[in-house]
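These notes are about the structure you will find just below.
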Amino acid sequence: MIVAERKPFDEIKESIQDYKKVLVVGCGTCVAVCLTGGEKEVGVLSAELKLSQKAESAPAVFGEATVQRQCDFEFLDEIKDIVGEYDALLSMACGAGIQFLAERYPEIPVFPAVDTTFIGVNKDVGWYEERCRACGSCALAMTGGICPVTMCAKSLFNGPCGGTNQGSCEINKDQPCAWYMIHERLSKQGRLDNIMKICPPNDWRNQTPQTLIQPGYEERIESSK
Amino acid sequence: MNTKQQNDVETIDMATDIAVIGGGYVGLKAASQISENGYNVILAPHNDTDVNFSRLNVPSTEIDRLKALEKEVADNTNVEILPASTLVEATGVPGNFTLKFLSADTVVEKKAGAVVVASDTAVNPLNHIYGLNPAANVVSLSELENLLASEETKKEIQTGEKTVAFLVGFAHEGSPVLMKRILNSVSEIVGLDGCSAYVYVNNIKVADDGLERLYKQCRDNGAIYFKLEKAPTVKQENESLTVSFHDPVIRKDIELNPDIIVYEESLTADEANLCLAETLRIDLGPMGFLQKENVHRLPVSSNREGIFVVGSARDVQSLSKSFADVDNMVLRVKQLIGDGTKSIPAKAVVDREKCTICLTCYRCCPHGAISWDDKAIISSVACQGCGICASECPMDAIQLVDFTDDEMADRIKEAAAVTAANTPKIVAFCCQNSAYEAGLAAKAFNYELPAGLQLIKVPCAGKIDIHYILDALVEGADGVLVLACHHGNCKSESGNTYAQWRINDAYRKLAQVGIEKDRLEFATLASNMASGFARIVIDMEKRIGQKKD
């Protein structure tokens, strides 16, 4: 899932200070699962905003809405009848959702309430760890299911480097060495020969915005153009 | 909110087979009594027992009765025995547990309506603490009991006119259960003509029925107690034994040469408990026993409905107390399973449209009441209605039938709107098991209470959503109190803990929005603490009243 964290309250407050009617828009998928931007957090953030404006003579009005996913136009449509009542939108979705909300309602300023941090896993309630950088060319087949791009400080495709230190990374003793872990995993699976193969360099095309069309849907997309 | 499901009474088929884990005396007793009450039993003795059943830690006086029970259970066609088995997986809910046992290298799957855990205690000899090596004349308490149980060896002790020294309470704190066994042996020794008993003892644990009497009776019959603060020095040279110590009564150093030394043993939780707790998703209590120190769990409850812990599974217990546990457990099983159908209203419902299946509820539920298909499912039988899940759900997809978010919002609005001239408005969220009762009592006893105080009843402090706290302040409350049960006294084990965590989170949030910390307070109470309640609310009134002026 995509993991995000709430922005500092002051930053959120400052970004919307010129607006009198703000709709806080939550997203019911990834950011809800990581307890950052679902319906509960929408309620909590708007309560905080209301409290911070209590002393003001004319406090702003805060509305609340949560859609299933802000990365789908169909779900964004569900708030079309109410967005007109507001002069700013405060999105609690990931960066993709925030942009899609802004694209769907281009006439209204949209502000982010969260920082999108990584693609990660859920270790326990409220505890997430990064596992993927969305680099666009997955090496996990060769590396025993451990991502060197994410887990190695140098994102080495052919490691380890000289800084590996008895299972730890040279940058920090608490940071495991990705290539040590890869070696251990492959060794356990009897696939250690994988580590001797040269892993080709990554295709860094993903430095420009990418589009993915699933092969089975190419004709559908073509016909709708 | 899924109003359709609200107030629906679900009729549930309950499996009438009951699984008993542990094949010791208590496990057998449990199997026998459950079966007497018309339920089928799946009896799963531990895989480390040589035979089907364990005779660990059973007094020699009980062996005949135990043998009879073993035979009765083995012959009982309503008891299915899975020899030498280990529980490897447990899923499902009360009335419909699916259990997988590894029994004699095969995985056996069984359905059970309820699970009874009756693990034995482990017996640990403590000779090493005294620097003693086990020998013919240096024996553990259990070994002495065996010697005394056999007429032949008992006679040997008698004809040898043996002096027996007992080392008690220097290697560990001990317990009345052990003290009783020691005193019984002492009693037997002094009852043998020509034999005598020295008891070197630290604290004499007599907090059980008849133990004080037994202690005196041994003394009257000639046993000599040396009540010492530290262990005597014990020398074991070939066959000769020397015990030297300073006698605090006659204030002299004394050296004695007993013929036999009996060293103590400790009783500890079965090591299997650790795995059982994990597999059954029940709390591990202190010292590895399967019950938390929480008064609401007594006598035989675990944190999960339908999983009961009896005898040594939950504490070091005497046989008679363990049998009382079995009686209690049978009552609970009958209450839960009945004749196999149960009609029960849902306490919490999941809005399946909103649920994003993040598993937060599953991970937070202290009662193991939540599972999932493509959405979260709350078992009506297992759910205790604490509301921890509802307050943690990031999509507000779970509603307690009696405390919906909409009703709570109305109640908060209403409470925060009540005004009393020139006094602060205080909204107190009160757990109905403690603080709410204390609040009502404070009113009934005419304690001085703030005029602007409003109580909001919650089923458990775990239901107090951070949103409610902020909302109360938004709606105009000057102060908010979150009043929970004392630590270790929460019916839902961790409702008060969740409330405390949320308060800490709320403090961070309030600091950011510029609201003083002292407008929010967390405190714990018991239901009889009317004056404590009054003091907390009056203190808050004074504190925030000053700010108001």
Side-chain angles (χ1 to χ4, degrees), chain A residues 1-4 6-14 24 26-56 59-62 64-70 75 78 92-93 113-114 121-128, chain B residues 1 351 353-366 370 375-376 388-399 405-406 408-409 412 416 465-478 480 494 498 501-502 505-516 519-520:
Chain A
M1 103 190 108
I2 294 170
V3 178
R6 250 279 291 276
K7 274 185 173 294
F9 182 75
D10 286 343
E11 188 185 332
I12 299 172
K13 193 179 155 191
E14 202 187 320
V24 185
C27 178
T29 308
C30 307
V31 290
V33 174
C34 68
L35 315 183
T36 301
E39 186 167 321
K40 165 95 63 217
E41 293 301 325
V42 166
V44 169
L45 176 57
S46 59
E48 284 174 73
L49 289 164
K50 285 175 195 166
L51 277 176
S52 74
Q53 299 224 341
K54 245 186 146 185
E56 316 251 325
V61 174
F62 296 97
E64 299 167 25
T66 300
V67 298
Q68 182 70 48
R69 281 196 302 272
Q70 288 191 29
F75 293 126
E78 290 171 1
M92 301 195 81
V114 307
V121 295
N122 207 333
K123 296 274 282 188
D124 192 3
V125 180
W127 173 16
Y128 315 97
Chain B
M1 178 174 49
D351 180 335
E353 305 240 306
K354 275 189 180 179
C355 173
T356 186
I357 194 149
C358 62
L359 304 182
T360 303
C361 54
Y362 163 78
R363 292 179 177 135
C364 291
C365 176
I370 302 180
K375 300 288 174 187
I388 291 175
C389 59
S391 296
E392 290 295 319
C393 173
M395 287 302 286
D396 291 337
I398 301 175
Q399 298 293 332
D405 281 337
D406 289 346
M408 289 300 293
I412 291 165
D465 199 316
I466 187 166
H467 197 174
Y468 298 167
I469 297 165
L470 298 176
D471 246 8
L473 293 165
V474 169
E475 294 296 342
D478 298 303
V480 174
S494 50
Y498 276 97
W501 289 336
R502 291 184 203 133
D505 194 21
Y507 281 144
R508 283 188 284 272
K509 292 186 185 300
L510 292 184
Q512 286 170 351
V513 301
I515 289 182
E516 305 90 332
R519 291 191 182 275
L520 174 63

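All values derive from a computational prediction rather than experimental measurement. Side chains included, hydrogens not; waters and symmetry mates left out as well; all remaining heavy atoms used.
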Contact class of A:R69 relative to chain B, heavy atoms under 4.5 angstrom
neither

Which portion of A:Q53 sits near chain B, non-hydrogen atoms under 4.5 angstrom
neither

Tell me, side chain or backbone of B:L510 under 4.5 Å from chain A's heavy atoms, or both, or neither?
side chain

Chain A contact via B:I515 - which portion, at a heavy-atom distance below 4.5 Å
side chain

Sort out for me which of [options] touches chain B most, counting heavy-atom pairs under 4.5 Å.
{"options": "A:E48, A:E41, A:K50", "result": "A:E48"}
{"options": "A:G37, A:C34, A:G28, A:G26", "result": "A:G28"}
{"options": "A:D124, A:N122, A:T66", "result": "A:N122"}

Could you pull out the closest heavy-atom pair between [X] and [Y], with the gap in Å?
{"X": "A:V31", "Y": "A:M92", "value": "CG2-O, 3.4 Å"}
{"X": "B:A416", "Y": "B:A472", "value": "CB-O, 4.0 Å"}
{"X": "A:S52", "Y": "B:V513", "value": "CB-CB, 3.8 Å"}
{"X": "A:S46", "Y": "A:F62", "value": "CB-CB, 4.1 Å"}
{"X": "B:A397", "Y": "B:C355", "value": "CB-N, 3.7 Å"}
{"X": "A:A47", "Y": "B:V474", "value": "O-CG2, 3.5 Å"}

Closest-packed option against chain A by number of heavy-atom pairs under 4.5 Å, given B:M395, B:E392, B:E353
B:M395

